Amino acid sequence: MPKAIRVHEYGGPEVMRYEEVPLAEPGPGQIRVRQHAIGVNFIDIYFRTGAYKAAQLPFTPGKEGAGEVTAVGPGVTGFRVGDRVAYGSAEGTYAEEPLVAVGAAVRVPEGIGFDTAAAMMLKGLTAEYLLHRTYPVKAGDTILFHAAAGGVGLIACQWAKHLGATVIGTVGSPEKAELAKAHGCDHVILYRDEDFAERVRAITDGKGVPVVYDGVGQATFPASLDCLSPLGTFVSFGSSSGPVAAFDIGILAQKGSLYATRPTLFTHASQRPVLDRMAENLFGVVASGAVKVPVHAQHRLAEAQQVHRDLAGRQTTGSTVMLP
């Protein structure tokens with residue numbers, strides 16, 4: 001029998017159990033995938049702790065992975081057994097052979113390995129919609145990206161640089177600063193040691209930036225708003241330090257008629273034509289070499305508890321994958 005991580009109650013990493021599960025047959029609109037690599041993301045922690053509620057308990061966490069199709073459900077078109085596929089908005093991917101909704105899966109082109117595909121789907125597609133759809137970055141823009149050495153950050157900063165932007169990144173340590181500089185950042189700010197809003201103003205000669213991409217949350221808000229030029233856009237796409245507290249919307253007027261948005265990948269990926277365009281864009285920029293996907297840690301699926309401890313403790317950079 002294949003194995004999977006099962007969560008029977010919400011809690012810390014210790015609630016994740018490595019168990020045998022029955023081999024499931026795909027239903028309508030599903031494929032079964034023998035996974036070669038599994039992506040790890042902060043959203044998995046939110047589900048494990050109960051910050052986001054699973055449809056039911058017990059459940060298998062995970063949104064991201066890559067592998068080969070082993071079975072196709074009734075009426076499914078567009079995929080067949082043996083296809084190389086990947087996904088960033090599936091359900092229950094902390095498993096050797098999960099069922100995946102065809103709406104979440106895309107074909108992986110030859111030349112992109114399973115570990116790279118698993119490492120980049122959720123983070124890379126997030127970078128794609130942030131830079132191309134939420135605030136379309138253009139040549140000559142100066143942007144601020146928080147957690148520039150994180151999984152999304154390393155991909156997004158390279159991509160923004162490729163688009164012709166000047167990239168300011170914040171990081172938590174000198175080691176992460178070096179990593180961010182090597183992956184597209186023109187200016188790196190140690191946000192624990194420096195007033196990042198002041199530094200952004202200095203770098204931009206007082207003008208501010210048209211967009212701040214913030215996956216950190218509590219620790220960087222509301223100072224992020226002080227980095228923006230008038231009519232600038234504050235993009236909150238995650239909360240690794242804790243959620244942004246409720247705030248008076250009037251602050252957006254006071255600080256320059258700002259925009260604030262909280263987009264998600266799942267909204268974008270729910271429209272098949274949009275997902276296909278996003279994936280094509282992502283695979284193209286990776287295949288060209290303009291964006292490299294750094295896989296900085298590989299673990300066995302059985303080691304999921306330790307993987308979550310490292311991620312929650314901000315001990316990771318780039319992408320982590322688990323191998324079944």
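Bear in mind that the values here come from a model prediction, so they are computed numbers and not experimental data.
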Name the orientation class of the two ring planes belonging to [X] and [Y] (parallel below 30°, tilted from 30 to 60°, perpendicular beyond 60°).
X: F145; Y: F237; result: tilted
X: H268; Y: Y129; result: parallel
X: F59; Y: Y10; result: tilted

Looking at [X] and [Y], does any basic side-chain N land under 4.0 Å from a carboxylate oxygen?
X: E91; Y: K63; result: yes
X: R199; Y: E194; result: yes
X: E25; Y: R32; result: yes

task = With sequence neighbours left out, write down each residue that passes side chain to side chain donor-acceptor pair (under 3.5 Å) with K181, or none if nothing qualifies.
result =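 Once residues adjacent in sequence are excluded, K181 has no partner under the side chain to side chain donor-acceptor pair (under 3.5 Å) criterion.
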
Can a donor-acceptor pair be found between the side chains of [X] and [Y] at a distance below 3.5 Å?
X: H146; Y: S224; value: yes
X: D214; Y: S236; value: no
X: T267; Y: S270; value: no

Checking [X] side chain against [Y] main chain: does a donor-acceptor pair fall under 3.5 Å?
X: Q305; Y: M16; value: yes
X: T204; Y: V200; value: yes
X: R84; Y: P109; value: yes
X: E178; Y: P174; value: no
X: R300; Y: P324; value: yes
X: D141; Y: I143; value: no
X: T170; Y: I189; value: no

Is the number of heavy atoms from other residues, nucleotides or ligands under 6.0 Å of [X] [atom1] greater than 12?
X: R133; atom1: CZ; answer: yes
X: F266; atom1: CZ; answer: yes
X: E280; atom1: CD; answer: no
X: I249; atom1: CD1; answer: no

inquiry  = Determine whether F221 and F234 satisfy the following criterion, ring-ring contact (aromatic ring centres under 6.0 Å, His included), listing intermediate values before the conclusion.
reply    = CA-CA 10 Å; F221 188 87; F234 169 67; 5.3 Å; yes

key: Verdict with supporting geometry, H308 and E14, side chain to side chain donor-acceptor pair (under 3.5 Å)   = CA-CA 10 Å; H308 272 221; E14 69 283 351; over 6 Å; no

ask   = Does R262 have any salt bridge (Lys or Arg N to Asp or Glu O under 4.0 Å) partners at least two apart in sequence or in another chain, and if so, which?
value = none

